2 protein chains.
Amino acid sequence: MMNGTNPMDVFLSKCRQRNLKITPQRTAVFSALADAEDHPSADAVYQKVKKEFPNISFDTVNRTLIVFSEIGLAEVVEGQGDPRRFDPRMENHHHFYCVTCGKITDFFSEELDKIEIPTQIEQDFTVISKRMVLKGYCTDCRK
Amino acid sequence: MMNGTNPMDVFLSKCRQRNLKITPQRTAVFSALADAEDHPSADAVYQKVKKEFPNISFDTVNRTLIVFSEIGLAEVVEGQGDPRRFDPRMENHHHFYCVTCGKITDFFSEELDKIEIPTQIEQDFTVISKRMVLKGYCTDCRK
DNA sequence: TTGACAAATAGGAATCATTCTTATATAGGA
DNA sequence: TCCTATATAAGAATGATTCCTATTTGTCAA
């Protein structure tokens with residue numbers, strides 16, 4: 001028996017826990033995502049998986065990725081995608097993002113503003129802004 | 001003369017600096033955004049402005065907001081919008097986002113992980129994850 | 001191993017949000 | 001006031017996702 005700590009075993013056990021069928025398509029989407037280093041979009045995963053499954057549909061890939069994010073196999077990360085959200089506050093501040101209603105709440109914290117960016121990052125990249133992004137449930141949604 | 005520190009004066013001076021005409025539509029979009037507390041989408045701003053300018057087009061509102069983000073009157077903030085970006089790494093980590101090519105690079109920092117969330121936030125919200133999001137230019141794009 | 005059935009898939013239509021195109025209108029300087 | 005570069009409105013086009021539905025397929029139990 002395998003010990004369940006390698007990614008594929010995690011995938012299998014999460015699917016079984018939730019009564020999700022282990023289909024070749026799901027397995028292929030999982031592998032493609034697990035190998036990705038670049039926070040791919042659904043379309044990027046689709047392009048990869050299509051090499052192995054020429055007949056797979058975009059919808060299947062997209063649905064599968066959303067399922068993965070619901071069962072803890074992946075996370076939807078913040079991006080600058082559509083619909084864009086505009087913020088008129090140009091002072092440094094931080095965000096709380098409610099995963100239920102999508103509302104973004106500003107907050108200010110001198111302590112957070114003071115945080116140093118790791119030296120390695122400062123060397124490799126030119127940083128123009130830093131922001132702490134918290135995710136969770138807002139007052140209205142946590143009831 | 002006004003001293004240029006109220007939002008409308010900042011708007012007027014930024015437009016003049018860039019030779020952008022001060023049209024009633026631009027002014028209305030600026031006011032609507034400046035008053036917003038909720039990091040609105042272009043459509044949300046459009047719905048607000050339309051009450052005052054029933055004939056304004058969505059395109060004008062959207063274009064204007066993008067111009068504002070280019071001249072430093074607003075910022076496009078991170079959201080969970082389309083296209084979604086998926087991340088298979090479920091361990092706590094942080095992101096560097098390149099504003100030129102859109103690439104998201106992971107980085108790890110025990111120092112950042114140790115940061116305390118302000119007490120007020122912990123009281124008002126249920127926080128399930130925290131992440132530092134840096135924006136700037138990546139190695140390839142900063143040349 | 002074989003059915004039965006709930007779940008998953010493929011493919012196309014529909015939707016949502018944005019961007020492009022173009023003809024018309026207008027702000028702001030001469 | 002006139003001129004001209006900009007900006008606007010309206011609709012078409014695009015890009016990305018989600019919905020719909022007929023068909024297929026894992027999985028469980030006999």
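By convention in this document, chain letters (A, B, ...) are assigned in the order of the sequence lines, proteins followed by strands, and residues within each chain are numbered from 1. Note that the coordinates shown come from a computational prediction; the quantities given were computed from them, not determined experimentally.
Between the CG atom of D43(A) and the C1' atom of dT14(D) there is a distance of 14 Å, rounded to whole Å. For N62(A) and dG11(C), the CG to C1' distance is 15 Å, given to the nearest whole Å. Put simply, CZ on R18(A) is 19 Å from C1' on dT27(D), counting in whole angstrom units. Rounded to whole angstrom, the span from the CG atom of N55(A) across to the C1' atom of dT23(D) amounts to 14 Å. Counting to the nearest Å, the P atom of dT17(D) and the CZ atom of R85(B) are 11 Å from each other. Taking atom CD1 of residue I22(B) and atom P of nucleotide dT6(D), one finds them 15 Å apart after rounding to whole Å. Atom NZ of K50(A) is separated from atom C1' of dA10(C) by 13 Å (rounded to the nearest Å). At whole-Å resolution of the value, CD in Q47(A) and P in dT17(D) are 12 Å apart.
When heavy atoms are screened at a 4.0 angstrom cut-off, P24(A) is found touching the sugar-phosphate backbone but no base atom. I66(B) comes within contact range of the sugar-phosphate backbone alone, with a heavy-atom separation under 4.0 Å but no base atom that close. Residue contacts for D59(B): at a heavy-atom cut-off of 4.0 Å it reaches a base atom on one of the strands shown.
Between R63(B) and dT19(C), a side-chain N or O to OP1/OP2 separation shorter than 4.0 Å is absent. Residue Q25(A) places at least one side-chain N or O under 4.0 Å from the OP1 or OP2 atom of dA10(C). OP1 or OP2 of dA10(C) has at least one side-chain nitrogen or oxygen of T60(A) nearer than 4.0 Å.
N6(A) and D9(A) are linked by a side-chain donor-acceptor pair at a separation below 3.5 angstrom, with hydrogens and angles left out of the test. In the model, T60(B) has a side-chain atom that pairs as donor or acceptor with a side-chain atom of R63(B) under 3.5 Å.
Taking every side-chain heavy atom of K21(B) into account, dA27(C) is the closest of dT18(D), dA9(D), dA27(C). Of the listed nucleotides (dA7(D), dT18(D), dG28(C)), dA7(D) has the atom at the smallest distance from the side chain of T23(B).
Summary of the strand contacts: N19(A) and A42(B) both lie near DNA chain C, and taking for each the nucleotide with the nearest heavy atom, the more 5' one is attributed to N19(A).
The CZ atom of F96(A) sits 10.5 Å away from the NZ atom of K135(A) when rounded to the nearest 0.5 Å.
Between F11(A) and F30(A), the ring planes are parallel. Angles under 30° get that label, and only those over 60° would be called perpendicular.
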**Asked** For R131(A) and E75(B), what are the C-alpha separation, side-chain angles and deciding distance, and is it a salt bridge (Lys or Arg N to Asp or Glu O under 4.0 Å)?
**Response** CA-CA 12 Å; R131(A) 164 148 40 236; E75(B) 189 185 355; 3.2 Å; yes
